[in-house]
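Order of listing sets the numbers, starting from 1, for every ligand and every atom in it.
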Amino acid sequence: MDGDQLHLSEATLPGLPAEIARPAYDRRRTRIGIVHFGPGAFHRAHQAVYLDDLLADEPDWAICGVSLHSAGVRAALRPQDGLYTLALLGERPALRVIGSLRELLCARDEPAAVLARLADPGVRLVTLTITEKGYCLAGDGLDFGHPEIVHDLASPEAPDGAIGYLVAGLRLRRQRGLAPYTVLSCDNLADNGGRLRRAVLQYAERIDADLARWIAAEAAFPRSMVDSITPATDDALRERVASRLGCVDAWPIQREPYAQWVIEDRFCNGRPAFERAGVTMSDDIAGHDRAKLRLLNGPHSALAYLGSLMGIETVAEAMREPALAGFVERLMRQDVAPGLGTLQDFDPEAYIDAILARFRNPAIGHRLSQIAWDGSQKLPVRLFGTIADALAAGRPIERLCLPVAAWMHYVRRQARDGVALVDPLGDALAALGRATGGDARAEVEAFLAFDTVFAPLSGDARFASALRDAYRSLGDAGPDAVRGALAVAGRG
Ligand code: CS2
């Protein structure tokens with residue numbers, strides 16, 4: 001801890017300056033009704049805030065945040081009684097203390113406590129933000145070769161990963177005659193609920209076919225779309241928060257003022273009155289998840305790789321570079337939007353305008369390097385679906401291939417500079433980045449050999465050829481070469 005300084009906690013909460021908003025309910029009267037896997041920045045900026053808005057009226061839905069492997073969040077927040085500060089980065093930044101996280105566990109150190117929570121009858125909802133890689137998916141189903149899945153299937157009572165815990169908890173509930181919990185994925189995956197359901201059922205089937213049948217019949221896996229831009233916490237935020245609070249917050253969170261949450265209304269064991277906090281409940285989230293992934297996250301990744309090659313550091317700075325901003329806008333309007341079809345209550349042009357304005361928000365220092373993480377997991381969900389749809393409909397894919405080619409150059413540059421890649425395939429990608437050199441065709445082929453990444457497009461000769469052209473057009477991938485490629489691709 002930071003010496004003798006006062007920390008944010010239940011004890012210091014009443015003494016905070018009056019302008020700092022705080023929980024509008026008595027936290028001691030709340031009960032844990034939600035187990036959340038992955039209480040990282042996004043969860044604490046988004047879902048935990050919606051629940052904080054609800055707890056005054058719905059005290060049964062406080063959250064137990066479970067980190068699977070890292071003890072960092074628990075170490076920061078347990079001494080603070082789960083309290084932390086949220087900074088909303090609008091024109092005038094506003095601070096608010098969030099109280100919905102009542103318990104923090106780290107599964108690696110306290111597996112029994114996590115299983116006890118999952119089997120607690122008061123817990124009726126399990127939510128997840130474990131990022132794309134946490135689901136251990138391959139194509140449409142579970143990756144049975146994934147080390148975490150191999151491990152958990154060998155010892156299902158002592159799991160290590162999210163799928164293993166979800167099923168272990170459901171198994172305990174069935175043994176005890178309890179209803180299952182609803183499982184709600186809040187990650188950036190299209191059809192996140194459907195994919196998680198399939199993965200859970202495939203896993204459960206290997207352990208106990210009756211259990212799998214029970215889960216299929218009794219549990220619910222709604223789809224959801226989550227949205228709020230959440231830059232990683234930095235020292236500037238910690239300092240700003242400490243000076244406004246008059247005490248230390250070990251891990252404050254920041255995000256843009258905008259937030260959206262759309263949830264398919266399919267719960268098996270009750271739910272909070274989410275709509276009271278502004279959540280959109282829907283019978284069918286009807287492609288809104290896909291629209292968000294393709295129109296926000298896809299362009300985000302495009303800015304991340306192209307912008308990083310140009311030496312740019314943040315999204316707002318990238319949007320001030322005319323060649324890049326123009327390219328991304330054209331990509332959204334001309335290449336991505338046409339693949340979305342017509343969606344009810346959805347105006348693509350207005351949605352795009354709003355996203356571009358959010359990207360330009362100068363109050364947010366959203367680092368491109370943060371968005372560039374996990375490219376092998378993100379690109380398939382964010383861009384490859386659009387490319388596959390465009391190919392099927394006979395639309396051009398040249399512009400869509402440029403960010404993919406930029407990712408490849410980015411991987412090569414990091415490998416060449418000896419910078420570690422944050423990516424579950426990081427070692428393999430770095431080896432590939434170091435090994436190849438000189439022949440663009442061979443370099444692209446080496447990337448395409450990653451079947452798990454390119455599955456939806458592998459074997460498509462038009463894609464391979466457009467990707468090679470895009471890769472070549474980026475030349476030495478220095479700022480001038482990228483600017484030149486953007487100018488060409490941005491036309492038409
Ligand atoms: C971003 C997302 O880091 C990333 O990859 O694209 O975290 C993005 O900011 C959120 O999905 C916005 O809702």
- Taking everything shown except Glu349 itself, do over 12 heavy atoms lie less than 6.0 Å from its CD?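 Counting neighbours around CD of Glu349, more than 12 heavy atoms of other residues, nucleotides or ligands fall under 6.0 Å, so yes.
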- Query: In this structure, are over 12 heavy atoms from other groups packed under 6.0 Å from Asp353 atom CG?
  - Reply: yes
- Message: Applying salt bridge (Lys or Arg N to Asp or Glu O under 4.0 Å) as the test, list every pair that has at least one member in residues 355-364; sequence neighbours left out.
- Response: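 As it turns out, the salt bridge (Lys or Arg N to Asp or Glu O under 4.0 Å) pairs with a partner in residues 355-364, which skip direct neighbours, are Asp227-Arg358, Glu256-Arg358.
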- Any salt bridge (Lys or Arg N to Asp or Glu O under 4.0 Å) pairs touching residues 35-45, not counting sequence neighbours?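 Pairs touching residues 35-45 that pass the test: none.
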- Query: Does a side chain donor of either Asp160 or Tyr165 reach within less than 3.5 Å of an acceptor in the other side chain?
  - Reply: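 Tyr165 and Asp160 do not have a side-chain donor-acceptor pair below 3.5 Å.
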- Message: Can you list everything that forms a ring pair (Phe, Tyr, Trp, His ring centres under 6.0 Å) with Phe267? Sequence neighbours excluded, please.
- Response: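 Ring pair (Phe, Tyr, Trp, His ring centres under 6.0 Å) check on Phe267 returns nothing, list empty.
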List of N/O pairs, ligand 1 versus protein, all under 3.5 Å?
unit_1	atom_1	unit_2	atom_2	d
ligand 1	5 (O)	Lys378	NZ	2.8
ligand 1	5 (O)	Arg382	NH1	3.1
ligand 1	5 (O)	Arg382	NH2	2.8
ligand 1	6 (O)	Asn297	ND2	3.1
ligand 1	6 (O)	His300	ND1	2.8
ligand 1	6 (O)	Arg382	NH1	3.1
ligand 1	6 (O)	Arg382	NH2	3.4
ligand 1	11 (O)	Asn188	ND2	3.0
ligand 1	11 (O)	Lys292	NZ	2.7
ligand 1	11 (O)	Asn297	ND2	2.9
ligand 1	13 (O)	Asp227	OD1	2.6
ligand 1	13 (O)	Ser228	N	2.9
ligand 1	13 (O)	Lys292	NZ	3.1

